[in-house]
Amino acid sequence: MAKGSINVSVENIFPLIKKFLYSDHEIFLRELISNGTDATLKLKHLTTIGESKAEYGNPVIEVKIDKEGKKLHIIDQGLGMTADEVEKYINQVAFSGAEEFLDKYKDSAKDSGIIGHFGLGFYSAFMVAEKVEIITKSHKEGTTAAHWTCDGSPEFTLEDADKTDRGTEIILHIAEDSLEFLEEARISSLLYKYNKFMPVPIKFGTKEVNDPEHTPATTKDTEGKETTEPQKKITVDNIINNPTPAWTKQPADLTDEDYTSFYRELYPAQHEDPLFHIHLNVDYPFNLTGILYFPKMTQDMAMQKDKIQLYQNQVYVTDNVEGIVPEFLTMLRGVIDSPDIPLNVSRSYLQADGAVKKISSYISRKVADKLKSLFNTNREEFEAKWNDIKIVIEYGMLSEDKFFDKADAFALYPTVDGKYFTYEELLNAIKAKQTDKDGKLVILYTSNQEAQHSYVEAAKDKGYDVLLLDSPIISHLMQKLESTKENITFSRVDADAIDKLIAKDETTISKLDDTQTKALDELLKEVIPSDKFMVQLEAMDSNATPFMITQPEFMRRMKEMQASGGGGGMQMFGNMPEMYNLVVNTNSDLVNEILSTEAKDKQTHLITQSLDLARLSQGLLKGKELSDFIKRSYELLK
């Protein structure tokens, strides 16, 4: 039996592991199973190329709990090790100095990938174990099994063992503060979390299933009643993982049903099927595979995030893919798998890493290409899904210039009448009627078709198209479109009188002379509160609404942008009070009646009632003022 000290450059590696990796101590199981998987796959390669004479067979990795003995066993049937290899790979740990470790990685020491980064995957066992044993036998012919033991100090023992089968068994003597890892439910949940798609079958106990070779017989009793014998059960290994998940296969080998089934496997609690999927598969200049799914979206963007699972060679790492997947796509679901992502460093380093930037750019481009293909292949179906996917596309247009440029081919602009335009189609459809006297194209829209119904109808009566733009970030997107596209402006239909929104050369002549106009202005100022409304006298068609409340586009949009995350530069707008204009049509019959009425109280009543009707149409009449309006309206019916 050999004894010795583990070759580390710090006095004691184990307290360091405990101290700085303790919050992620559950990942020890992931690390040990990953090591077993590597050993198994390496053996497969060596047998394939003829460098190993071992019979590969159908190896599994087994996890066993010995609750009474307070032990956890991880057993593989991989390469195994000789005593010399144990000495080399286990005892001679290449580890940088403690100070360098702390200084360089203090911000990411709790990252679940850092252990593997330092070649400490095996030593993560000491986060939960007071003693660890390795019993291992190499695949090489004529070798003797080895038994290594260490109690958490730098001292170890290494001796021969009587193990006869190839592979490695790691025995963890679980510490008193980690007894949770002797619970079947805890281990089962960890295996499912980290290892459910590992490429080697993982066995955890057994389970009973129906015997496929047994068909229950049906017989009749003495009274002629049929009875069926019980279904025969058999005990089989409980394999907890799917070694060949969909993303490891070629798209040509998968059907739509395969993709949907895999989605349900990823998200068993999700009852709605995804709208469509994007299969990622690239091997140059980096390695990346995966499948992204577009689920039905909600208006709450924050609720959507952290649904994409990141894997490294089929080993689960995290569901926080910020910095790897473009931010606007973090609302999607699915899997990304890449061995080229540096998972063991700080997030700021990750975001600056060249390989990660290329991966992020590739994913963005791939998604844009897929959306364009879906649009071109079946536009009708794409239009039907637009409301469920628009928030991702609009967010992408805002956050990435390259995606913004590509989106011209598939981003849609729906109208209140159910028509869908691409940007180019929209310009061609409205430029003849909706170009103002200064040559600027005015794109009219509503954010709420019901609430702004009268304004929408006024625009449609002019033959104008009105878009329905109601996503929470649409104000930001309109701002970007106005600054990027040439000679266009967006105006909500209630931003002004329709003849003012799209001003033409022709003007409507007012029926009032200067004296009447001045008198009307003075009457209105006596009744209408100046701190709430700015009165505008406008000569419009006599059939147009007599009193109309509008909200200036610029100020309202700035407030919306600030409310939905416009940044510090827009804080000033969020703190400003709401601004409204009261547009009074000087050519309306109502104005004529107000001026011709001699009774002062009737004039006041007509103005107040008309103002309240305008406020009611904008949802601005509330509380006591609404109650007074209703009471006043009933009195008119008497």
Side-chain angles (χ1 to χ4, degrees), residues 446 448 450-459 461-462 491-501 503 507-556 559 576-638:
T446 175
N448 187 321
E450 293 298 319
Q452 296 149 20
H453 181 266
S454 61
Y455 301 90
V456 171
E457 291 304 305
D461 287 344
K462 292 281 188 179
S491 290
R492 204 168 80 176
V493 286
D494 62 347
D496 207 337
I498 188 62
D499 289 338
K500 291 288 185 179
L501 288 178
T507 58
T508 302
I509 305 300
S510 176
K511 293 180 180 180
L512 305 183
D513 59 26
D514 290 345
T515 301
Q516 290 172 313
T517 300
K518 184 177 180 181
L520 176 63
D521 187 48
E522 290 175 353
L523 280 171
L524 294 171
K525 286 180 179 178
E526 290 176 7
V527 179
I528 295 169
S530 60
D531 61 330
K532 293 183 179 179
F533 301 99
M534 183 176 291
V535 177
Q536 293 178 207
L537 302 182
E538 300 286 354
M540 297 184 287
D541 189 284
S542 59
N543 294 323
T545 304
F547 278 43
M548 176 190 299
I549 290 176
T550 63
Q551 196 172 11
E553 177 75 19
F554 175 77
M555 185 61 68
R556 177 192 50 73
K559 288 176 71 67
M576 288 184 176
E578 297 283 356
M579 292 180 59
Y580 296 96
N581 294 335
L582 176 66
V583 181
V584 178
N585 181 7
T586 60
N587 290 338
S588 67
D589 293 339
L590 176 63
V591 165
N592 182 60
E593 184 177 353
I594 291 171
L595 287 173
S596 61
T597 298
E598 295 183 2
K600 190 72 174 178
D601 59 341
K602 185 175 181 182
Q603 284 181 326
T604 301
H605 177 83
L606 288 172
I607 293 171
T608 301
Q609 191 75 357
S610 300
L611 172 62
D612 283 353
L613 282 168
R615 294 169 74 190
L616 188 66
S617 71
Q618 276 279 32
L620 298 175
L621 200 59
K622 299 175 182 178
K624 184 178 183 301
E625 292 175 326
L626 177 58
S627 299
D628 291 344
F629 169 76
I630 294 172
K631 181 179 179 181
R632 193 187 324 123
S633 299
Y634 274 122
E635 289 174 352
L636 290 173
L637 299 175
K638 295 179 181 178

Nearest 0.5 Å please: distance from the CG atom of Asn587 over to the CD1 atom of Ile509.
-> 9.0 Å

Report the residues that fulfil side-chain hydrogen bond (donor to acceptor under 3.5 Å, both in side chains) with Ser510, sequence neighbours left out, ordered by chain and then residue number.
-> Thr586

Which distance, rounded to the nearest 0.5 Å, do you find between the CG of Asn592 and the CG of Leu520?
-> 10.5 Å

Evaluate the side-chain proximity of Leu590 to Phe547: yes if any heavy-atom separation is below 4.5 Å, no if none is.
-> yes

Does any non-hydrogen side-chain atom of Gln618 lie less than 4.5 Å from one of Arg615?
-> no

Leu524 and Val535 have their tightest heavy-atom pair at CD1-CG1, 3.8 Å

Carefully, step by step, assess Lys462 and Asp499 under the rule side-chain contact (heavy atoms from CB on, under 4.5 Å).
-> CA-CA 9 Å; Lys462 292 281 188 179; Asp499 289 338; 2.9 Å; yes

Are any of the side-chain heavy atoms of Ile528 and Ile607 separated by less than 4.5 Å?
-> yes

Grab the two heavy atoms, one from Met540 and one from Val583, that are nearest each other, plus how far apart they are.
-> CE-CG1, 3.9 Å

Where do Met548 and Ala497 come nearest, in terms of heavy atoms and distance?
-> SD-CA, 4.1 Å

Which pair of heavy atoms, one from Asp513 and one from Gln516, lies closest together, and at what distance?
-> OD1-N, 2.7 Å

Side-chain contact, heavy-atom cut-off 4.5 Å: His605 with Thr608?
-> no

In Å, rounded to the nearest 0.5 Å, how long is the span from CD1 of Ile549 to CG of Leu611?
-> 5.5 Å

Leu512/Leu595 under side-chain contact (heavy atoms from CB on, under 4.5 Å): CA gap, chis, key distance, verdict = CA-CA 10 Å; Leu512 305 183; Leu595 287 173; 3.7 Å; yes

Test: Asp628 and Arg632 ion pair at under 4.0 Å = no

Side chains of Val591 and Leu537 in contact at under 4.5 Å (non-hydrogen atoms) = no

Compare every heavy atom of Asn581 with every heavy atom of Pro552, then report the nearest pair and how far apart it is.
-> CG-ND2, 3.7 Å

For residues Thr597 and Gln603, report the shortest heavy-atom separation together with the two atoms involved.
-> O-NE2, 2.9 Å

Are any of the side-chain heavy atoms of Gln551 and Lys559 separated by less than 4.5 Å?
-> no

Distance, nearest 0.5 Å, that separates OG of Ser633 from CG of Asp612 = 8.0 Å

From CG (Asp601) to CG (Leu606), nearest 0.5 Å = 9.5 Å

Does some side-chain heavy atom of Phe629 sit less than 4.5 Å from a side-chain heavy atom of Leu613?
-> yes

Partner residues of Glu538 under the side-chain hydrogen bond (donor to acceptor under 3.5 Å, both in side chains) criterion, sequence neighbours left out | Lys500, Gln536

Could you grab the distance from atom CE of Met534 to atom OG1 of Thr550, nearest 0.5 Å is fine?
-> 10.5 Å

May I ask you to decide whether Lys525 forms a salt bridge with Asp521, counting only side-chain N to carboxylate O separations under 4.0 Å?
-> yes

